[in-house]
Structure formats: structure tokens, C-alpha cells
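Report on the following structure.
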Amino acid sequence: MRAVRAVSGLWRWRRNPLRRATDLAEAWLALTALLLVALAAPLIGVLSGSAAHTTLQRSVRAQHQSRHLVTATVVRELDAAPAATDPELLGGDAGSRVLARWTAPDGTGRRAAVQARVPDPRPGDTFRIWTDRRGDRVARPLDTGTATVHAVLAGAGVAMLAAGLFEAGRRLALRRMLRGRYARWDREWGRVGPDWGRADAAG
């Protein structure tokens, strides 16, 4: 729709003895806005998405290097508690709260209360958890596919934002041009208006 509205101003390119300088200026404004929306905005989106993709993929590699998937063993089931205390289950399935033990990547033994996605946890049951190098529980690392989707969405959002800003700039410039035109009309009318309709005005 923005492009259609921009194209609507291109009729002012036509040669016409009644065409004013402001009409030509509005035509240039419409053409410029059309090119910015059709070419510059997508390019900005692609560049932004590419930059976001590079940053997110770097984050993916860093997270996979610093986070480790280890096997935890249920010691005993605990009373229910808010799942928000466990970074692995934030916003996800609460699972069951258990006391579990596991071996950290550095070889030390760890024991803590965690949320386990085990339907009916019993002592000796095992499940997998993500930890950092010290063995502390951390959230699942970002995967490549999810990072790519986030980068694409970011690029598309930036492109739409750029197109909206270009269209807003066109409208603002057009509004100022119209105000200037109306101001000139008021000045002209103020000059000739008092003589309008008088028989001797033509003389």
C-alpha cells in the first residue's frame, strides 16, 4: 500500500502548462520514497538479518562449548516448587522436583534439587540435564535452527521498520510542502482578494 500511494504522485511528471514546481517536487518525492521502500528497506533488512545471524551463530557456538549435557540420577522426589527456580525449565513443562546427583564436567560430584521431566520419578531413575563447566544447572543452549529463525525475523522486522520510516518521512515532507503551498495561496489571496469582483479591478 505504501508503494501504491507513492506511485500515485508520479502523475505529476506529465508535461502540463498548469504543472507547478511543487507538483514536480512531489513527483520526485514519490519516486524517491518508492525506491527507498522497494530497494533500500529490503537491503537494510538483509544486512541486519545477516549481522544478527552472525552474532547468534557465534553465541550458539559459545554456548555449546561452555555447556555440557550430563546424566543425573534421582535420589528422591521432593515436594513441588515453582519451576521458575530451574533455568532449564523456564517457560516450559514443570516436570517433577527431585533431589538429584550428577558428575560435573570437571569430575566433581554435585547434588541439588532440580526439576526433572520424569513422569513418576523413583530413586535410581536417570535423566539428562545441561550444566556449565562447574556442574551448575544451566538452560539448554540455543540451537542453530532457532538462531536462524530469530535472525530472519529480526531482518524482516528491520526491513518493515525502515519502510515505515521512509513512508513517514515522505508524508512529513509532503505535509510541509502542502503547508507551504497553502501559505502562498493565502498570501496571494490576501493581495488580490480585496479587489476580487470589483468592476475596476481589471483596469
Side-chain angles (χ1 to χ4, degrees), residues 1-67 84 87-88 90-92 130 138-203:
M1 292 301 294
R2 294 188 180 96
V4 172
R5 288 195 293 270
V7 171
S8 66
L10 298 180
W11 67 270
R12 295 179 176 83
W13 284 101
R14 296 180 302 177
R15 291 188 176 277
N16 189 316
L18 298 179
R19 186 185 68 184
R20 298 157 299 190
T22 54
D23 292 329
L24 189 59
E26 289 179 20
W28 277 108
L29 178 62
L31 179 60
T32 301
L34 176 61
L35 293 177
L36 289 174
V37 171
L39 300 177
L43 179 60
I44 292 173
V46 169
L47 294 177
S48 299
S50 178
H53 184 264
T54 300
T55 301
L56 288 173
Q57 292 301 327
R58 187 181 301 117
S59 178
V60 167
R61 291 191 295 270
Q63 289 184 13
H64 277 274
Q65 290 174 359
S66 63
R67 302 181 186 188
E88 173 67 12
L90 286 173
W130 287 95
V138 294
R140 181 188 304 273
L142 184 67
D143 61 85
T144 302
T146 302
T148 299
V149 171
H150 289 172
V152 171
L153 293 177
V158 171
M160 290 191 297
L161 178 60
L165 290 176
F166 292 145
E167 172 64 11
R170 182 190 72 85
R171 292 189 177 189
L172 180 60
L174 181 60
R175 181 178 302 177
R176 290 183 176 179
M177 294 171 65
L178 290 176
R179 287 179 178 176
R181 179 186 299 171
Y182 294 151
R184 288 191 295 272
W185 285 352
D186 288 341
R187 289 194 297 270
E188 290 296 323
W189 181 251
R191 184 175 62 85
V192 303
D195 296 331
W196 187 263
R198 289 174 52 182
D200 59 346

Self-check item: Side-chain heavy atoms of R58 within contact of T55, under 4.5 Å
Solution: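 Of all side-chain heavy-atom pairs linking T55 with R58, at least one is under 4.5 Å.
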Under 3.5 Å, which donor-acceptor pairs link side chains of residues 29-50 to any protein atom two or more places apart or in another chain?
| unit_1 | atom_1 | unit_2 | atom_2 | d |
| --- | --- | --- | --- | --- |
| T32 | OG1 | W28 | O | 2.8 |
| S48 | OG | I44 | O | 2.9 |

When rounded to the nearest 0.5 angstrom, what is the spacing between [atom1] in [X] and [atom2] in [Y]?
X	Y	atom1	atom2	value
R61	L56	CZ	CG	10.5 Å
R175	R170	CZ	CZ	11.0 Å
Q57	L142	CD	CG	8.0 Å

Scan the side chains in residues 147-157 for donor-acceptor partners under 3.5 Å anywhere in the protein, sequence neighbours excluded, and list what turns up.
| unit_1 | atom_1 | unit_2 | atom_2 | d |
| --- | --- | --- | --- | --- |
| T148 | OG1 | H53 | NE2 | 3.4 |
| T148 | OG1 | T144 | O | 3.0 |

Quiz item: Taking the side chain from R140 and the backbone from W130, do they hold a donor-acceptor pair closer than 3.5 Å?
Solution: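 No; zero donor-acceptor contacts below 3.5 Å.
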